[in-house]
Enquirer: 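After the structure tokens below, expect a handful of questions from me.
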Amino acid sequence: MGPLRGLRTEPERPRGSRLRRHLALALKEAREHPDRSPYGAVVVDEVQDLSLVGVRLLHALVGDAPDGLLLIGDGQQSVYPGGFRLSDAGVDIRGSRGQVLRVNYRNSKEILDAALAVVAEDAFEDLDGVRVPGRREVDLTYHDGHVVRVTEDTVEEHDRALLEALHAHARSGPARPWGDSAVLCPSWAALRHYQHLLTRAGIPVCPLEQYDGQPVDALKLGSYRRAKGLEFKHVHLPRHDAELHGGAPGSETVQERRELARSQLFVAMTRARDTLWLGSVRADREHRPPE
């Protein structure tokens, strides 16, 4: 099955049509030659961020074989626009075939409450097509995390406060003082700004695009989307609310964009284990358009 070799169904989801064409070709091949599939089972995490064609492809690789397809996902943590229902991909999870996981092993109540407050008003459609309230009941096993909120008058003051927080965590850290911290940003412009700020301050930086999960004494820097599936002892979100209210109110497109921004922020906030640092600039809040 040539088109399947080396194919990735979910990188940073390129905007072009090349990935979609490759997936369509691979799906056609898998459906025309089901006997050629070398896979006995397929396991997928973060399935909510795959495309519908991607899920159809993975389903085609194993068909309806017993225990052939395990899909794990959370519609509330979708970081890309669009979406699908598993039934659209021919996957039936009715009855005992679908289970809801309710235990959170990473976040404390304080951190999770802060994150859920961001998406509390955003009902979302989970993978089976059922609308679920934004604030859900979750069982927690970790209780030591806390939230730090910092609001400054200017970007310069805000960035100084960020550097102070990073140095404080480094001084109190173990043998790899920088390795436990991450700075996450919503946009490429913000990433470039904080890459320059951290480098100028002499702080070693490991971009998440280069992070392979091995211990490294460098602060992790990346986008909200790239941080998906990761966790860090200390997470810093500079100017975390600056992009939540862009665009003119009233437009359905603008509303969808705002909901996606809140979902991405929710994902970034829940990467934190011990400390969630939320930075704000007062001018960002004062210049918000009316809802």
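Just so it is clear, the structure is predicted and the values come from calculations on it, not from any experiment.
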Enquirer: How many angstroms lie between atom NE2 of His158 and atom CZ of Arg239, to the nearest 0.5 angstrom?
Expert: 7.0 Å

Enquirer: For Gln210, check side-chain contact (heavy atoms from CB on, under 4.5 Å) against everything at least two apart and list the hits.
Expert: Pro207

Enquirer: Tell me whether Ser280 contacts the main-chain N or O of Thr151 through its side chain, where contact means a donor paired with an acceptor under 3.5 Å.
Expert: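 No, because the side chain of Ser280 does not come within donor-acceptor range (under 3.5 Å) of the backbone of Thr151.
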
Enquirer: Measure the CD-CG distance between Gln195 and Leu221 for me, rounded to the nearest 0.5 Å.
Expert: 5.5 Å

Enquirer: Strictly distance-based, threshold 3.5 Å: is any side-chain N or O of Asp217 a donor or acceptor partner for the main-chain N or O of Trp178?
Expert: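 Checking the backbone N and O of Trp178 against the side chain of Asp217, a donor-acceptor pair under 3.5 Å is found.
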
Enquirer: Looking only at atom types and distance, does a side-chain atom of Glu110 sit under 3.5 Å from a main-chain N or O of His146, one as donor and one as acceptor?
Expert: no

Enquirer: Can you tell if the side chain of Leu166 reaches within under 4.5 Å of the side chain of Leu198, non-hydrogen atoms only?
Expert: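 In contact.
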
Enquirer: Quick one: closest heavy-atom pair of Ala161 and Glu152, and the distance?
Expert: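 Heavy atoms of Ala161 and Glu152 come nearest at CB-OE2, 4.0 Å.
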
Enquirer: Does Asp153 CG have over 12 foreign heavy atoms under 6.0 Å away?
Expert: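 Counting neighbours around CG of Asp153, more than 12 heavy atoms of other residues, nucleotides or ligands fall under 6.0 Å, so yes.
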
Enquirer: Distance check, rounded to the nearest 0.5 Å: Gln264 atom CD versus Ser187 atom OG?
Expert: 10.5 Å

Enquirer: If you measure from CG on Leu260 to CZ on Arg258, what distance do you get to the nearest 0.5 Å?
Expert: 13.0 Å

Enquirer: Would you check if the distance from the ring center of His193 to the ring center of Trp188 is below 6.0 Å?
Expert: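 No, the ring of His193 stays outside the 6.0 Å limit from the ring of Trp188, centre to centre.
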
Enquirer: Are side-chain heavy atoms of Arg160 and Glu157 found at a separation under 4.5 Å?
Expert: yes

Enquirer: Counting C-beta onward and ignoring hydrogens, is there a side-chain heavy-atom pair between Asp180 and His169 closer than 4.5 Å?
Expert: no

Enquirer: Measure from the side-chain N and O atoms of His236 to the backbone N and O of Ala182, and report whether any donor-acceptor pair falls under 3.5 Å.
Expert: yes

Enquirer: Are side-chain heavy atoms of Asp92 and Asp64 found at a separation under 4.5 Å?
Expert: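 A side-chain contact is absent here, since even the closest heavy-atom pair is not under 4.5 Å.
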
Enquirer: If I compare all heavy atoms of Ala190 with all of Cys185, which pair ends up nearest, and what's the gap?
Expert: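 Heavy-atom minimum between the residues: CB-CB, 3.7 Å.
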
Enquirer: Can you tell me how far apart CG (Leu27) and CG (Leu23) are? Round to the nearest 0.5 Å.
Expert: 8.5 Å

Enquirer: Taking C-beta and beyond as the side chain, do Val44 and Val55 meet within less than 4.5 Å on heavy atoms?
Expert: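 No. Closest side-chain heavy atoms not under 4.5 Å.
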
Enquirer: Among Val42, Val43, Val91, find the one that has a side chain to side chain contact (heavy atoms under 4.5 Å, CB included) with Leu58.
Expert: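 Of all the options given, the one that passes is Val42.
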
Enquirer: Under the side-chain contact (heavy atoms from CB on, under 4.5 Å) criterion, do Arg262 and Leu244 qualify, and how do the steps go?
Expert: CA-CA 7 Å; Arg262 289 192 291 268; Leu244 293 182; 4.1 Å; yes

Enquirer: So, the side chain of Arg106 versus the backbone of Thr270: is there a donor-acceptor pair under 3.5 Å, distance only?
Expert: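 Between the backbone of Thr270 and the side chain of Arg106 there is a qualifying donor-acceptor contact (under 3.5 Å).
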
Enquirer: Apply side-chain contact (heavy atoms from CB on, under 4.5 Å) to Tyr142 and Asp274, showing your working.
Expert: CA-CA 9 Å; Tyr142 190 69; Asp274 287 7; 2.3 Å; yes

Enquirer: So how far is it from Phe266 CZ to Asp74 CG, rounded to the nearest 0.5 Å?
Expert: 6.5 Å

Enquirer: Under the criterion side-chain contact (heavy atoms from CB on, under 4.5 Å), I'd like the reasoning laid out for His240 against Leu265: C-alpha separation, chi angles, the key distance, then a yes or no.
Expert: CA-CA 7 Å; His240 75 286; Leu265 176 58; 4.1 Å; yes

Enquirer: Under 3.5 Å, is there a donor on one side chain and an acceptor on the other for His234 and Ser181?
Expert: no

Enquirer: Can a donor-acceptor pair be found, under 3.5 Å and without considering hydrogens, that links the side chain of Lys220 to the backbone of Gly179?
Expert: yes

Enquirer: Residues in salt bridge (Lys or Arg N to Asp or Glu O under 4.0 Å) with Asp113, at least two apart?
Expert: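 Only Lys109 meet the salt bridge (Lys or Arg N to Asp or Glu O under 4.0 Å) criterion with Asp113.
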
Enquirer: Give the C-alpha distance, both sets of side-chain angles, the deciding distance and a yes or no for side-chain contact (heavy atoms from CB on, under 4.5 Å) between Ile72 and Val47.
Expert: CA-CA 6 Å; Ile72 305 168; Val47 67; 6.0 Å; no

Enquirer: Do Arg18 and Arg21 come within less than 4.5 Å of each other through their side chains, counting heavy atoms only?
Expert: yes

Enquirer: Is it true that a side-chain atom of Arg271 and a backbone atom of Leu230 form a donor plus acceptor pair closer than 3.5 Å?
Expert: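 Judged by distance alone, yes, a pair lies under 3.5 Å.
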
Enquirer: Would you say the side-chain atoms of Tyr194 and Asp159 include a donor-acceptor pair closer than 3.5 Å?
Expert: yes

Enquirer: Below 4.5 Å, heavy atoms only, C-beta onward: do Met269 and Leu278 meet side chain to side chain?
Expert: yes

